Protein chains: 2
Amino acid sequence: METEQVLARLRGLGRRLTRQRSLVVEAILAGERPQSAEGIYQRCREKDRGISYPTIYRTLEMLVEAEVVRKLHFGGSKYWYEAAWQREHHHHLVCLECGAKEPIMVCPRELIAREAQRNQFKVLDHQFEILGICKDCQGR
Amino acid sequence: METEQVLARLRGLGRRLTRQRSLVVEAILAGERPQSAEGIYQRCREKDRGISYPTIYRTLEMLVEAEVVRKLHFGGSKYWYEAAWQREHHHHLVCLECGAKEPIMVCPRELIAREAQRNQFKVLDHQFEILGICKDCQGR
DNA sequence: AGATAAATGATAATCATTTGCAAGAAGGTG
DNA sequence: CACCTTCTTGCAAATGATTATCATTTATCT
Ligand SMILES: [Mn+2]
Ligand SMILES: [Mn+2]
Ligand SMILES: [Zn+2]
Ligand SMILES: [Zn+2]
């Protein structure tokens with residue numbers, strides 16, 4: 001969860017350490033909630049005016065492969081990224097009004113395991129997100 | 001579930017009946033599994049060489065609003081569409097190798113209800129899809 | 001049939017993401 | 001440290017999926 005650890009891990013995978021990569025890692029670790037590529041780009045740009053979108057995307061993809069980052073989507077047209085190490089495996093309550101993404105720790109894992117077994121399906125991943133209106137947005 | 005019923009329903013909602021709309025409805029009802037916009041476009045084009053993508057998308061959106069079609073996504077960059085009336089509410093086992101989308105009837109609905117209550121969250125929708133390798137693709 | 005409003009197709013636009021490539025920087029080597 | 005190789009970067013352009021614009025066509029109502 002520390003930036004240094006992540007960078008060391010990348011180094012271990014044979015990747016070079018660059019200013020840009022450090023910035024992306026910092027941005028990801030700094031955010032408590034899933035962030036869009038644009039959000040990460042903006043955060044990084046505060047420290048390095050010249051950082052580019054291709055670098056953001058390439059680095060995020062690399063971090064996903066290194067299992068440092070999880071890539072999510074909630075039904076819109078874009079992907080969201082969050083640190084995979086901040087907390088344990090979880091899902092979200094996604095508010096369609098304000099966009100809030102509240103983590104929830106429950107997961108239908110037994111259900112998944114049972115269904116996979118029934119179908120001799122090898123599970124690699126799963127999507128589970130609850131969409132609706134958050135408490136705050138319900139009061140108009 | 002019959003094309004006629006769906007068209008009557010659209011008529012009831014004040015929509016006009018067109019050749020193109022019939023084709024899209026037929027294409028949706030003909031497919032057993034979720035289809036991409038492109039797939040539906042291809043199917044329709046076999047009957048009407050001149051049908052266009054904008055019409056496909058507009059019609060699908062209309063059918064989603066009429067609750068005749070469900071719009072899904074499985075982690076890729078595109079949406080998938082399937083008839084909402086063919087069978088009861090369900091989810092899928094999605095093979096990342098061959099793209100197969102096998103329906104499964106289980107749904108973590110109690111879990112969703114419980115979690116929503118705990119957070120005073122108003123549920124409007126949910127995503128639940130299991131991703132992995134299907135039985136067939138496991139044997140190489 | 002004629003009027004009216006809705007629907008269509010061609011085309012261009014949009015949005016998020018990816019690619020190609022020349023120039024720049026990291027990290028090993030002597 | 002200087003040098004070399006290879007990896008990374010930024011820019012510009014490309015891509016893929018979907019949506020918008022708008023002139024033309026068509027369904028439906030009278
Ligand atoms: Mn989260
Ligand atoms: Mn289905
Ligand atoms: Zn909200
Ligand atoms: Zn398969």
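In this text the structure is predicted, and so the values were computed from the model without any measurement. Worth knowing before you read on, the calculation uses all heavy atoms, side chains too, and leaves out hydrogens, waters and symmetry mates. In the text below, chain A, chain B and the rest are named by the order of the sequence lines, each starting its count at 1.
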To the nearest angstrom, how far is [X] atom [atom1] from [N] atom [atom2]?
X: B/Tyr57; N: D/dT18; atom1: OH; atom2: C1'; value: 5 Å
X: B/Leu10; N: D/dT28; atom1: CG; atom2: C1'; value: 15 Å
X: A/Gln20; N: D/dT9; atom1: CD; atom2: P; value: 5 Å
X: A/Arg21; N: D/dC7; atom1: CZ; atom2: P; value: 11 Å
X: A/Leu17; N: D/dT8; atom1: CG; atom2: P; value: 10 Å
X: A/His73; N: D/dG16; atom1: NE2; atom2: P; value: 20 Å

- Tell me whether the OP1 or OP2 atom of C/dA7 has a side-chain N or O from B/Thr18 closer than 4.0 Å. no

- Give a yes/no answer on whether the side chain of A/Arg19 brings an N or O atom under 4.0 Å of OP1 or OP2 in D/dT9. no

- side chain to side chain donor-acceptor pair (under 3.5 Å) partners of residues 9-32 of chain B, not counting sequence neighbours, each pair once: B/Arg19-B/Asp48

NA contact type, [X], heavy-atom cut-off 4.0 Å: base, sugar-phosphate, or nothing?
X: A/Arg15; answer: sugar-phosphate
X: A/Tyr79; answer: sugar-phosphate
X: A/Ser52; answer: base
X: A/Arg11; answer: sugar-phosphate

- Is B/Glu115 paired with B/Arg118 through a side-chain N to carboxylate O contact shorter than 4.0 Å? yes

- Message: Quiz question: going by heavy-atom distance under 3.5 Å, is there a donor-acceptor pair between the base of C/dA5 and the side chain of B/Arg16?
- Response: yes

